[in-house]
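Single-structure report; data block below.
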Number of protein chains: 2
Amino acid sequence: MSPRTPKPADDAALEGGRRRATINDIARIAGVSKKTVSRVINRSPSLRPETREKIEAVIAKYGYAPDPQARGLAFRRSFLIGLIYDNPNPQYVVNMQLGLLDGMRGSGFELVVHPCDRGSTTLVPDIRAFIERQKLFGVVLTPSVSEDEGVAAMLREIGCEYVRVASVAVDEASHSIVTQDRHGGLLAGRHLAELGHKAVGFISGPLTFRSSHERRGGLEEGLAEHGLTLAAEYVAEGAYTFESGLEGAAKLLGLPNRPTAIFAGNDEMAAGVLHAARRAGLSVPEDLSVVGFDDFQIASRVWPPLTTVRSPTREIGRLASEKLLSQAGEDKRDPADRLPSLVARESTAAPRG
Amino acid sequence: MSPRTPKPADDAALEGGRRRATINDIARIAGVSKKTVSRVINRSPSLRPETREKIEAVIAKYGYAPDPQARGLAFRRSFLIGLIYDNPNPQYVVNMQLGLLDGMRGSGFELVVHPCDRGSTTLVPDIRAFIERQKLFGVVLTPSVSEDEGVAAMLREIGCEYVRVASVAVDEASHSIVTQDRHGGLLAGRHLAELGHKAVGFISGPLTFRSSHERRGGLEEGLAEHGLTLAAEYVAEGAYTFESGLEGAAKLLGLPNRPTAIFAGNDEMAAGVLHAARRAGLSVPEDLSVVGFDDFQIASRVWPPLTTVRSPTREIGRLASEKLLSQAGEDKRDPADRLPSLVARESTAAPRG
DNA sequence: GCCTCGATTGACACCGGTGTCGGACGGGAT
DNA sequence: ATCCCGTCCGACACCGGTGTCAATCGAGGC
């Protein structure tokens, strides 16, 4: 074999589609310099329209697409976006990924995933290494890592683009997507109050999660609309897990004056409440109404199907990646927040009597 | 600002950690050519040990890590591996991702995800574009795309490394990981037969999925061990969805001689069976035993908690990425298959009488 | 008709690695 | 001492793009 495949000879391979076109091919065929082709790729304004069109025609003819690696090398950053998450709920993760991909479609960016552990002592350096290793363009953070100020500070320091998804605005608007969890809580509270419940219990997520406070705050707002309040003894701290829902419900249902309805901070815990109710011999919704949060698949698989608050996770993901890409020059309009909505199923009803 | 930051002047930035070391820095400091540093990075054998050690010392001192983009540009491939899937079950996807990441840890590779639609007419070109866009090193395919021969042929044609995860060996050993679904089915069949069930029903996944046939075949094997057979009218075709489980169970339970136990092809459908049983006024497990497959979270959230077959998805994922990386020169031993196991919970019991 | 100036375009170096090939060096055979 | 050969290493081009800066060009002002 000759030392190197001679360059001028492989035009045949190009024509036959056996070789991908490079910027050099396009430049040679269009009769311009590669820098000018580069200008077309990067939408440089200082280009005569006829030059641009001539080059675009050649690009289209050969189906040329610039090599992200070479481009990235010159730009000193890659065309990759990272999803950094510590939420253990599979459906949340998958919906978020789908949403992010929705917003990235056709942009030439790819999504790389990075689960992490918020509690790890090496959280910040780990994430930093992840970003610097592949020189990520930017990252999307979801709760609860998104609430970590140490991580955010590091991102600003190394100049990595980022968007934080959280239940409240934790950063300036260009860096945050808010999920309006408070509104979701309000819908739950209003729903239960309208059904006539006076004694409403709440099982929160971990108090280190902003969403726990938002969902509770919303619930209280919804109850307040009907002149009700959330009694302190009707509140249990959970951990967004099935088991913690079970325990929280056991505690609330063991109260001398047990609540007639329980709002669980998410569907997983609501499923735990259903199990606890069954063990306590209570039927849902006759003896106890239950409301969840998320509207993940589990909500319609348990018995009875859960009344729950739907959080538009996939939509949120799409907004997040669009916001991130708008920092890359892709012009996406900055859209309005998406509000959660209530999905009424069979786990809620008016209290007895 | 001067036209370009002068090169020799920024050693201070290097020392201060404000600039990442490049191969040029290491070469200059170690007093060798960059090609020799490259030889160290790539474990070239023709290097005097003392030279290697000298360079390795400098690399360690400055925490140098080669730039994957530059390396990829020269190698004509990236250090990314893709996960291509069309399985809609979130927990499967997440577990698979976690497993893949387990096997990739410390390798310098990253995981990029690509959901797809097996039914799409542009499936093959879409996947091809995904691979060529970022010049992926390799991909992992999971059911049911992993069973598509058109996709596999394309991968071979473009020379992309790949591993296919499937319930049976669909390719040569170096390209496939088998999940031994038949064994899982056998465990379910054996379990039900041992409990004394004679009339066992089966709700399969789509017949276009290999796993549907494997799980059924295994069930029949397990029953056969006890002299039982699976009657044709006791088999319903489902679609691995909750709704199809509901429908399949409605059909089987409407039979004049209804089965006393149902093995559903996955947990989602088993949840559907539970709902159908409740609507039919049957209690589980007293009137009807139910077995699922997967052991995803839902299995322990429904009532009663499902007896099911656990498939070691995360472990499978780890094996898949290790197999893929072994083709990249990372020496991972080729490990044994992981077998599914039975998790007995409360949805199965001996039949009445 | 000549000069000035902004708009276009190209030449060249560079991003940070790897492939090719040849040169320097040292030991054993002649 | 000379020759041969294998080992080890470096010079240089190249991967496919972008940044910098200078050159070219046509139009408008004198």
Side-chain angles (χ1 to χ4, degrees), chain A residues 1-8 10 14 19-28 30-55 59 62 64-79 108 132-135 329, chain B residues 1-8 10 14 19-28 30-55 59 62 64-79 108 132-135 329:
Chain A
M1 194 191 294
S2 61
R4 286 246 167 194
T5 325
K7 233 355 141 4
D10 53 5
L14 224 197
R19 188 170 68 81
R20 279 184 68 181
T22 73
I23 198 172
N24 292 302
D25 299 318
I26 303 301
R28 181 166 36 76
V32 298
S33 75
K34 52 195 275 199
K35 181 62 206 186
T36 301
V37 177
S38 167
R39 289 193 174 95
V40 173
I41 298 170
N42 292 287
R43 294 187 180 72
S44 160
S46 62
L47 256 189
R48 240 185 10 229
E50 53 258 43
T51 309
R52 176 189 308 282
E53 283 158 20
K54 178 177 62 177
I55 295 173
I59 288 179
Y62 289 88
Y64 166 70
D67 181 334
Q69 294 202 332
R71 223 147 91 88
L73 181 58
F75 274 142
R76 288 175 191 70
R77 58 178 191 64
S78 73
F79 292 86
E132 295 190 331
R133 210 174 332 162
Q134 296 273 351
K135 297 202 302 256
Chain B
M1 193 191 298
S2 63
R4 287 246 166 193
T5 324
K7 230 3 142 355
D10 53 5
L14 223 197
R19 188 170 67 82
R20 280 184 66 182
T22 72
I23 197 171
N24 292 301
D25 299 317
I26 303 301
R28 182 165 35 76
V32 298
S33 75
K34 52 195 275 201
K35 180 63 205 184
T36 301
V37 178
S38 168
R39 289 192 175 96
V40 172
I41 299 170
N42 292 288
R43 295 186 179 73
S44 160
S46 62
L47 257 189
R48 231 173 31 215
E50 54 249 62
T51 309
R52 175 187 310 281
E53 283 158 21
K54 177 178 62 178
I55 296 173
I59 287 179
Y62 289 88
Y64 166 70
D67 181 333
Q69 294 202 333
R71 223 147 92 88
L73 181 58
F75 275 142
R76 287 173 190 72
R77 58 177 192 66
S78 72
F79 293 87
E132 294 190 333
R133 211 176 330 162
Q134 297 273 352
K135 299 203 300 260

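So that the names make sense, note that chain A is the first sequence line, chain B the second, and so on, each numbered from 1.
Spacing between atom CG of D67(A) and atom P of dT18(D) amounts to 10 Å, rounded to whole angstrom units. Nucleotide dC14(C) holds its P atom 12 Å from the CZ atom of R76(A), rounded to whole Å. Residue Q69(A) contributes atom CD, which lies 18 Å from atom C1' of dC14(C) at whole-angstrom precision. Here the P atom of nucleotide dG16(C) and the CG atom of N24(B) are 7 Å apart, to the nearest Å. When the P atom of dG16(D) is taken as reference, atom OH of Y62(A) falls 17 Å away, rounded to whole Å. When rounded to the nearest whole Å, the span between CZ of F79(B) and C1' of dT18(C) equals 11 Å. The CD-P distance, from E50(A) to dG26(D), rounds to 12 Å in whole Å. Note: CD (E53(B)) to P (dC9(D)) measures 12 Å, nearest angstrom.
Using a 4.0 Å cut-off between charged nitrogen and carboxylate oxygen, R20(A) and D25(A) do not count as a salt-bridge pair.
Interface remark: the K34(B) side chain does not form any donor-acceptor pair with the dG10(D) base, using a distance-only criterion of under 3.5 Å. Contact of R48(A) with dG26(D) (side chain to base): no donor-acceptor pair of N or O atoms is detected under 3.5 Å. For R39(B) against dG10(D), a side-chain-to-base donor-acceptor contact under 3.5 Å is present. Side chain K35(A) to base dG19(D): a donor-acceptor pair is found below 3.5 Å.
Within the nucleic acid shown, N42(B) comes within 4.0 Å of sugar-phosphate atoms alone, with no base atom in reach, counting heavy atoms only. Backbone-only engagement by V32(B) is indicated by non-hydrogen atom pairs under 4.0 Å involving sugar-phosphate atoms exclusively.
The phosphate of dT18(D) has OP1 or OP2 within less than 4.0 Å of a side-chain N or O from S38(A). Listed pair T51(A) / dT8(C) fails the phosphate criterion, with no side-chain N or O lying under 4.0 Å from OP1 or OP2. At the phosphate of dT7(D), neither OP1 nor OP2 sits under 4.0 Å from any side-chain N or O atom of S46(B).
The listed nucleotides are dG10(C), dT18(D), dC15(C); the one nearest the side chain of T36(A) is dG10(C). Distances were taken from every side-chain heavy atom of I23(A) (C-beta onward) to each of dG17(D), dG16(C), dG10(D); the shortest belongs to dG17(D). When distances run from any side-chain atom of L73(B) to the nucleotides dC15(D), dG17(D), dG10(D), the shortest one goes to dC15(D).
For the atom pair F79(B) CZ and Q69(B) CD, the distance stands at 11.0 Å (nearest 0.5 Å).
Cation-pi geometry between R71(B) and F75(B) is not met: the NZ or CZ atom fails to fall both under 6.0 Å from the ring centre and inside 45° of the normal.
Among R76(B), R133(B), K135(B), the one residue that satisfies the salt bridge (charged side-chain N to carboxylate O under 4.0 Å, His left out) test with D67(A) is K135(B).
Contact between Q134(A) and G108(B) at its shortest, heavy atoms only, is NE2-O, 3.6 Å.
Between T51(B) and I55(B) there is a side-chain heavy-atom pair separated by less than 4.5 Å.
The residue among P49(B) and A70(A) whose nearest nucleotide of DNA chain D lies closer to the 5′ end is P49(B).
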